[in-house]
Amino acid sequence: MSSEFDPQTALASLPSLPGVYRYFDAHGQCLYVGKARDLKKRVSSYFQKTQTSHRIAHMVGRIARMETTVVRTEAEALLLENNLIKSLAPRYNILFRDDKSYPYLKITGHAFPRMVYYRGGIDKKHHYFGPFPSAWAVKQSIQILQKVFQLRTCEDSVFRNRTRPCLLHQIQRCSAPCVGKIEAPVYAHDVEQATRFLRGQHQELLRELELKMQALAAELEFEQAALIRNKISALSRVLQQQSMETSAAEDADMIAVVVEGGRACVNLAMVRGGRHLGDKAIFPNHLHDASAISEQPLEHDILAAFLSQHYAESFVPRTLIINQDTRLEEVMAALEQRCGHKVQLLRQPQGVKRTWLELCVQNAKIALARALAEAGTQAERTAELMRVLELEAPEGDPALLRLECFDISHTAGEATQASCVVYCKHEMQSAEYRRYNIHDITPGDDYAAMRQVLTRRYEKVADGAGAMPDVVLIDGGKGQVEMARQVFEELGLDTGLLVGVKKGEGRKVGLEELVFADGRTPLTLGRDSAALMLIAQIRDEAHRFAITGMRARRAKARQVSALDEIEGIGAKRKQRLLARFGGLRGVAGASVDEIATVEGIPRVLAEEIYRRLR
């Protein structure tokens, strides 16, 4: 333990209140984040004179500083702990990284509500259903609602400006409220039925539709009765496809933890309104270090960490079904306090719930086996790359080898953008990718672009903020590498880290040559080299990331410039046009008469806009 840290002094001022504690080492790196119902009691347990666990002593010996935060409730402690674990990535916490929030299906609070795929914060004026395990599950549900209830999906700006039904109406996927093909009360009833379907009231909905169909038929309204019959048929087909459907309109999550080969998989399967929506495999980090300080089985710690981190901000269903026979009273108490309702934790489910869990476990095993196979291949490629480049494993662990790769992308000098992708722990680290918009260079000057991005990326590192990667890959030959060498020398960095990937003859994969900034002889590895396969994978990912960013930037620039280039279109007129028609595409699709109705647009200018955007 650091001589500067006196645990007795720190403990003396701790209150017996709920809160979160953090331990830091001498370098300021966070070692561990924990929550407690009683801060004084929990933190004191780590600093007993006779330490019960050598494993906990391993971490305690590194503590140089402690921070605590008092909160009002266990639920607040759970939320703060989750936020700190995500932001600090402590070494001894099991960490579930998820760079995206879970998606929802949103039905807007419009007079004619729209259904849409959604991620982000919750606005009370809309209705949200989910969360869903994947974007595919949301989009599948939207397709079902289109087929059965024909709700609209178009943007409000498009809805306001339509003059005739779109293609979705023609293929019976939308009732076309935009042009009055359906009255507001009837559309509202369809929205209400769709909402009930999403909440799992399937059988009640079917019975109501059948009664309505029979009543219409009795009144000789055969055409309307046929429409109801078609809706019943479509709804019945959907329900038959749901092999996991249960009669109960319930929400439940199945959570299966599987550990094998030094890795773990948590598979989360979701049921909403009685419908099984699919599952998602998640792979936690920091397992080895976290297990070194725990007295519990690893599966218990993984499950506790998942429940705390995943449900700290996400929707908590009333039933959680797990494949571990373990006690989680503190975590469950905090979750119930946070969500405001009782949560049933099932360890030995029966009936259909048992089937759900068995499939969840099976999918976890399949996902883990796939991940282990891929990791084995990647580990071999990493080891071969280290051998080829004569690198030592960081801290003796090849998994800590970090590569950063740069690429430049533009179209004839337009919308130049640089990308930086990161490879570490034998896989691409997409959460650490970065894009850089390149400014103030001669269009098409890739050397100047490379100088700018490397300077922006590493000048702070040169000043002591952050750490350098073990290898910096440059997508380019001698010219690009020379430019990178100059930047590194100006910043006082090691040029031996720089490796250029020069394309082979005819740009064929496998003929690439590695070019070094420190004067080493170039290497041609050959198409069968495991090291070259890894380099090509990283290089191609940098290229993909740069191109997608460049295209998005170019499209945005062109969208603005198309109107800016028309004489007589200033900022106010452009804003009015885009607001009226919902964007440049809407303006381009409008007639001269429609454009001329916009305030401040004379007919002569409307004709010019129409001509220029054709």
Side-chain angles (χ1 to χ4, degrees), residues 382 385 389 391 401-411 413-424 427-463 465-504 507 509 512-518 520 522-523 531-554:
T382 303
L385 179 63
L389 299 181
L391 297 172
L401 183 76
R402 181 184 178 93
L403 292 88
E404 296 186 358
C405 182
F406 293 85
D407 189 25
I408 307 294
S409 185
H410 58 79
T411 301
E414 180 187 1
T416 302
Q417 193 165 80
S419 70
C420 174
V421 301
V422 178
Y423 177 87
C424 190
E427 61 186 359
M428 303 305 300
Q429 302 292 326
S430 59
E432 299 185 51
Y433 290 6
R434 295 293 181 271
R435 289 192 178 103
Y436 299 83
N437 292 331
I438 304 300
H439 306 287
D440 305 321
I441 66 169
T442 303
D445 188 347
D446 287 358
Y447 293 159
M450 185 61 71
R451 166 177 283 278
Q452 186 175 132
V453 66
L454 291 176
T455 301
R456 289 166 60 183
R457 179 72 172 179
Y458 295 120
E459 61 184 353
K460 292 182 180 179
V461 178
D463 292 336
M468 285 294 293
D470 301 290
V471 179
V472 177
L473 290 177
I474 306 296
D475 185 19
K478 293 180 180 179
Q480 291 280 33
V481 172
E482 172 59 22
M483 180 58 69
R485 185 193 65 77
Q486 293 176 20
V487 172
F488 269 45
E489 284 196 346
E490 291 168 8
L491 295 175
L493 301 174
D494 182 7
T495 60
L497 304 180
L498 292 165
V499 180
V501 186
K502 181 182 177 183
K503 295 179 176 65
R507 296 176 174 261
V509 177
E512 293 90 344
E513 184 179 65
L514 302 187
V515 181
F516 302 97
D518 59 1
R520 280 177 283 172
L523 279 178
L532 184 60
M533 290 179 186
L534 178 57
I535 288 173
Q537 173 192 348
I538 299 169
R539 188 258 333 261
D540 292 346
E541 177 66 356
H543 187 57
R544 179 202 66 79
F545 192 59
I547 282 181
T548 54
M550 179 273 296
R551 286 175 177 167
R553 187 182 177 202
R554 181 185 65 191

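What you see below is based on every heavy atom in this structure, not just the backbone, and it leaves out hydrogens, waters and symmetry mates. For reference, positions follow the sequence shown, starting with 1.
In this structure, Tyr433 and Met428 have side chains that are in contact, with non-hydrogen atoms separated by less than 4.5 Å. A 4.5 Å side-chain heavy-atom check between Leu532 and Glu512 finds at least one atom pair inside the cut-off. Side-chain contact check for Ile538 versus Val501: every heavy-atom pair is 4.5 Å or farther apart. Within the 4.5 Å cutoff, the side chain of Met468 has no heavy atoms near those of the Asp494 side chain. Contact check for Asp470 versus Leu389: no side-chain heavy atoms found under the 4.5 Å cut-off. When side chains are defined from C-beta on, Ile535 does not count as touching Val499, because their heavy atoms never get closer than 4.5 Å.
Residues forming a ring pair (Phe, Tyr, Trp, His ring centres under 6.0 Å) with Tyr423 (at least two apart in sequence, or on another chain): none. Scored by the ring pair (Phe, Tyr, Trp, His ring centres under 6.0 Å) test, Tyr458 finds Phe406, Phe488 as partners (sequence neighbours excluded).
Side-chain contact, Gln486 with Glu490: no donor N or O sits under 3.5 Å from an acceptor N or O.
Once rounded to the nearest 0.5 Å, the distance linking OG1 of Thr382 with CG of Leu403 reads 8.0 Å. To the nearest 0.5 Å, atom CG of residue Leu523 and atom CD of residue Glu513 are 8.0 Å apart. Note that CD of Gln417 and CG of Asp407 are 11.0 Å apart. Values are rounded to the nearest 0.5 Å. Atoms CZ and CZ, on Arg434 and Phe545 in that order, are 8.5 Å from each other to the nearest 0.5 Å. Rounded to the nearest 0.5 Å, atoms CG (Leu497) and CD (Glu404) are 10.5 Å apart.
Closest heavy-atom contact between Val461 and Ala467: CG1-C, 4.0 Å. Minimum interatomic distance between Arg520 and Gly496 (heavy atoms only, all atoms of both residues): NH2-O, 3.2 Å. Taking all atoms of both residues into account, the shortest heavy-atom contact from Ile438 to Arg456 is CD1-NH1, 4.4 Å. In terms of heavy-atom proximity, Gly500 sits nearest to Val481 at CA-CG2, 3.4 Å. Between Ala542 and Ser419, the closest heavy-atom pair is O-OG, 2.8 Å.
When atom types are taken as modelled, the side chain of Thr495 and the backbone of Asp518 share no donor-acceptor pair closer than 3.5 angstrom.
Comment: Asp475 engages Lys503 in a salt bridge, judged by a side-chain N to carboxylate O separation of less than 4.0 angstrom.
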>> For a side chain to side chain contact (heavy atoms under 4.5 Å, CB included) check, start with the C-alpha distance between Glu427 and Gln429, then their side-chain angles and the critical distance, and finish with the verdict.
In response: CA-CA 6 Å; Glu427 61 186 359; Gln429 302 292 326; 3.5 Å; yes
>> Walk me through whether Gln537 and Glu541 qualify under side chain to side chain donor-acceptor pair (under 3.5 Å).
In response: CA-CA 6 Å; Gln537 173 192 348; Glu541 177 66 356; over 6 Å; no
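Tested against Gln452 for a side-chain contact (heavy atoms from CB on, under 4.5 Å), the candidates Ile408, Ile441, Asp445 yield a single pass: Ile441.
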